[in-house]
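Here it is: the structure, laid out below.
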Amino acid sequence: MSGPRVEILDSATDVAERAAARIAAACAAPSPVLGLATGRTPLAVYAALRERIAPGGLRLDHATFFNLDEYAGLPPGHPASFASYMRRELFDPASVPEGRWHLPDGNGGPAEADGYEAAIAAAGGIGLQLLGIGRNGHVGFNEPGAAHDSRTRRVRLTEQTRQANAPDFPAGTPVPEHAVTMGIGTILEAREILLLATGAAKAEALAAALEGPVTEAVPASALQRHPRVTVLCDVAAGRNLRRMAA
Ligand code: F6R
């Protein structure tokens, strides 16, 4: 069957281990360029990668990383920023030097967004892009309605997304209303994509993305048009899928 290859695994732990193995394999190349995601789903992936980092074992310090998105309006170093998340979960423990990891400038304008695209191109493009999926089918912060040829730009977050991410912010600190995200067009240029989905809350969005029509109403449905997408999900997230793992 053409379209995304779907692997339904027993547990979220299995999803994380499989994803970490795939990322580790990609990093065995001489100059790997990876696209990364934040959020709760990849936390276990980054934990699994941290466990693999060892002298003579997995190294990530020669790789170049581009994250999908960053909030607007947060001061540098804010603990809920995606830059802080990535430093904490992966870049610092893996000794990835500054200059090898990149996030969009959440406080930048169109020139900085274009600069992010240019930096990805200058690095040779993204080889492997890790993605999560929002309950509304978003990828990156491309909310429903985003054009499938969209590029890195400032976007407004939906109330649903802001509520979903509220637990990442200290009590009383509102979730920003805007962010800067790679576009769907940017994401689709990655040579290979790994989409992760765990938990029953993602079941509806995953089924719509993989088995529904390709539509701007479901941003992740654009992945149906990419030739090399692997979906790793647990049984809870995969329960609405008609097809089963190949
Ligand atoms: C994160 C991102 C988002 C998340 C999505 C799922 O960089 O771009 O698209 O992947 O919101 O988030 P979790 O994993 O927290 O359910």
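Indexing begins at 1, ligand by ligand and atom by atom, following the structure's order. Please read all numbers here as calculations on a predicted model, not as lab measurements.
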With no hydrogens and no angle check, is any side-chain donor or acceptor of Glu143 less than 3.5 Å from a backbone partner on Thr158?
->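 A pair under 3.5 Å: yes.
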
In terms of residue, atom name and distance, what is the protein heavy atom nearest to atom 1 (C) of ligand 1?
-> Thr38 OG1, 3.2 Å

Is there a donor-acceptor pair under 3.5 Å between the side chain of Asn136 and the backbone N or O of His138?
->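 Judged by distance alone, yes, a pair lies under 3.5 Å.
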
Once the angle between the rings of Tyr71 and Phe169 is folded into 0 to 90°, is it parallel (under 30°), tilted (30 to 60°) or perpendicular (over 60°)?
-> perpendicular

Which bit of Ile133 is near ligand 1, meaning a heavy atom under 4.0 Å away: side chain, backbone, both or neither?
-> backbone

With heavy atoms under 4.0 Å as the rule, classify the contact between Thr41 and ligand 1 as side chain, backbone, both or neither.
->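 Under 4.0 Å from ligand 1, Thr41 contributes backbone and side-chain atoms.
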
Please state which protein non-hydrogen atom is closest to atom 15 (O) of ligand 1 and give its distance, to 0.1 Å?
->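 Heavy-atom neighbour on the protein nearest atom 15 (O) of ligand 1: Arg40 N, 2.7 Å.
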
Between Asp69 and ligand 1, which part of the residue brings a heavy atom under 4.0 Å of the ligand: side chain, backbone, both or neither?
-> side chain

Does any N or O in the side chain of Thr181 come within less than 3.5 Å of the main-chain N or O of Gly140, such that one atom is a donor and the other an acceptor?
-> no

Tell me: protein heavy atom nearest atom 10 (O) of ligand 1, and distance?
->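 For this ligand atom, the closest protein heavy atom is Gly132 CA, 3.3 Å.
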
Would you mind writing out the side-chain donor-acceptor pairs for residues 22-36 within the sub-3.5 Å range, not counting sequence neighbours?
unit_1: Arg22; atom_1: NE; unit_2: Glu192; atom_2: OE2; d: 3.2
unit_1: Arg22; atom_1: NH2; unit_2: Glu192; atom_2: OE1; d: 2.8
unit_1: Arg22; atom_1: NH2; unit_2: Glu192; atom_2: OE2; d: 3.4

Run the side chain to side chain donor-acceptor pair (under 3.5 Å) check on Thr230 and Glu7 step by step: do they pass?
-> CA-CA 8 Å; Thr230 302; Glu7 291 184 39; 5.6 Å; no

For ligand 1, is there an atom lying under 4.0 Å from some heavy atom of Lys202?
->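 True for this residue.
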
Under 3.5 Å donor-acceptor, Thr41 side chain and Gly132 backbone |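 Such a contact is absent between Thr41 side chain and Gly132 backbone.
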
Contact check: Gly134 vs ligand 1, nitrogen or oxygen atoms, below 3.5 angstrom =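 There is no such contact.
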
Non-neighbouring partners of Val214 that pass side chain to side chain contact (heavy atoms under 4.5 Å, CB included), sequence neighbours left out =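 His148, Ser221, Gln224, Arg225.
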
Under 4.0 Å from any heavy atom of Leu68, which atoms of ligand 1 are there?
-> 8 (O)

Closest protein heavy atom to atom 3 (C) of ligand 1, given as residue, atom name and distance to 0.1 Å | Gly140 O, 3.6 Å

Per-atom contacts, ligand 1 versus His138 - under 4.0 Å to a heavy atom | 3 (C), 5 (C), 9 (O), 11 (O)

